[in-house]
Amino acid sequence: MTSARASSPTALATGHQRRAADPGLSVWVSASAGSGKTKVLRDRVLRLLLDDAKPERILCLTFTKAGAAEMSNRVAITLAEWASISDVALQKQLKDLLGDVALTDYKAKARGLFAKVLDAPGGMRIETIHAFCQSLLRRFPLEAGIAPHFRLIEEQDATAMLAEARE
């Protein structure tokens, strides 16, 4: 027999995911494939937007191009939905995202976020760690101690250079 206070594994996971998505907390998420990491990151971005963060000031980093594309698509799809779904459906989605808080202020914000992100200068940055580092090097080459007009080595060239160095 279980106690009334015992939570289901799903409710427990949702609670942990909601806390990890809280932009007021500093968190590190490490979990296996299919466990909801992308959902947590998407929720964190949505909560930042709902808390009035400027879209162009949000930087979301992933390991792969596919991950960045997936993340960008999930955020865009959610924001597009929020702009057009019924009040009841929006209320439910916001409650799932935010928990038990007063949702009145958030409903109006949620409806306008799609347009706000589209109108943001430079848009929201969702990219790979490599692309972000490359953009930093391009902006600050002298500080990094590299030539201002550097170019990345293609994988084939890198392989050839390694083989030549070994010989």
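Hydrogens, waters and symmetry mates are skipped; everything else that's a heavy atom, side chains included, is used.
Counting all heavy atoms, side chain and backbone alike, T128 lies closest to L61 at O-CD2, 3.9 Å. Closest approach of F114 to A83, counting heavy atoms only: CB-CB, 4.4 Å. When all heavy atoms of C60 and M71 are compared, the pair lying nearest together is SG-CG, 3.8 Å. Closest approach of K116 to A53, counting heavy atoms only: NZ-O, 4.0 Å. The nearest pair of heavy atoms linking S26 to R44 is CA-NH2, 4.4 Å. The minimum heavy-atom distance linking D43 with A21 is given by the pair CB-CB, 3.6 Å.
Following chains of ILVMFWY side-chain contacts shorter than 4.5 Å, one can reach L118 starting from M124, so the two form part of one hydrophobic cluster.
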The test is side chain to side chain donor-acceptor pair (under 3.5 Å); show your working for R74 and T38 and say whether it passes. CA-CA 9 Å; R74 286 191 191 190; T38 302; 4.7 Å; no
Show your working on salt bridge (charged side-chain N to carboxylate O under 4.0 Å, His left out) between K92 and D96 and close with a plain yes or no. CA-CA 6 Å; K92 182 188 180 324; D96 290 346; 2.9 Å; yes
May I have the list of side-chain donor-acceptor pairs in residues 130-146 shorter than 3.5 Å, sequence neighbours left out?
residue : atom : partner : partner atom : Å
S135    : OG   : R125    : NH2          : 3.4
S135    : OG   : F132    : O            : 2.7
R138    : NH1  : F150    : O            : 3.1

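Within the structure, salt bridge (charged side-chain N to carboxylate O under 4.0 Å, His left out) pairs that include any residue of residues 155-167 do not occur (at least two apart or interchain).
For the pair E127/K65, no side-chain contact is recorded, criterion being any heavy-atom separation below 4.5 Å from C-beta on. I85 has its side chain within reach of Q93: a pair of non-hydrogen atoms, C-beta onward, lies under 4.5 Å apart. At least one side-chain heavy atom of L98 sits less than 4.5 Å from a side-chain heavy atom of L50. Side-chain contact between T78 and L46 is present, with heavy atoms from C-beta onward closer than 4.5 Å. The shortest distance between side-chain heavy atoms of D51 and Y106 falls below 4.5 Å. Between E81 and I77, some side-chain heavy-atom pair lies under the 4.5 Å cut-off.
Residues D52 and K109 are paired through a salt bridge, judged by an N-O separation under 4.0 Å between the basic side chain and the carboxylate. Between R111 and D87, at least one side-chain nitrogen of the basic residue sits less than 4.0 Å from a carboxylate oxygen of the acidic one, meeting the salt-bridge criterion.
Other residues, nucleotides and ligands place more than 12 heavy atoms under 6.0 Å from the NZ atom of K39.
Of the inter-residue distances, the one linking I126 atom CD1 with I58 atom CD1 reads 8.5 Å to the nearest 0.5 angstrom.
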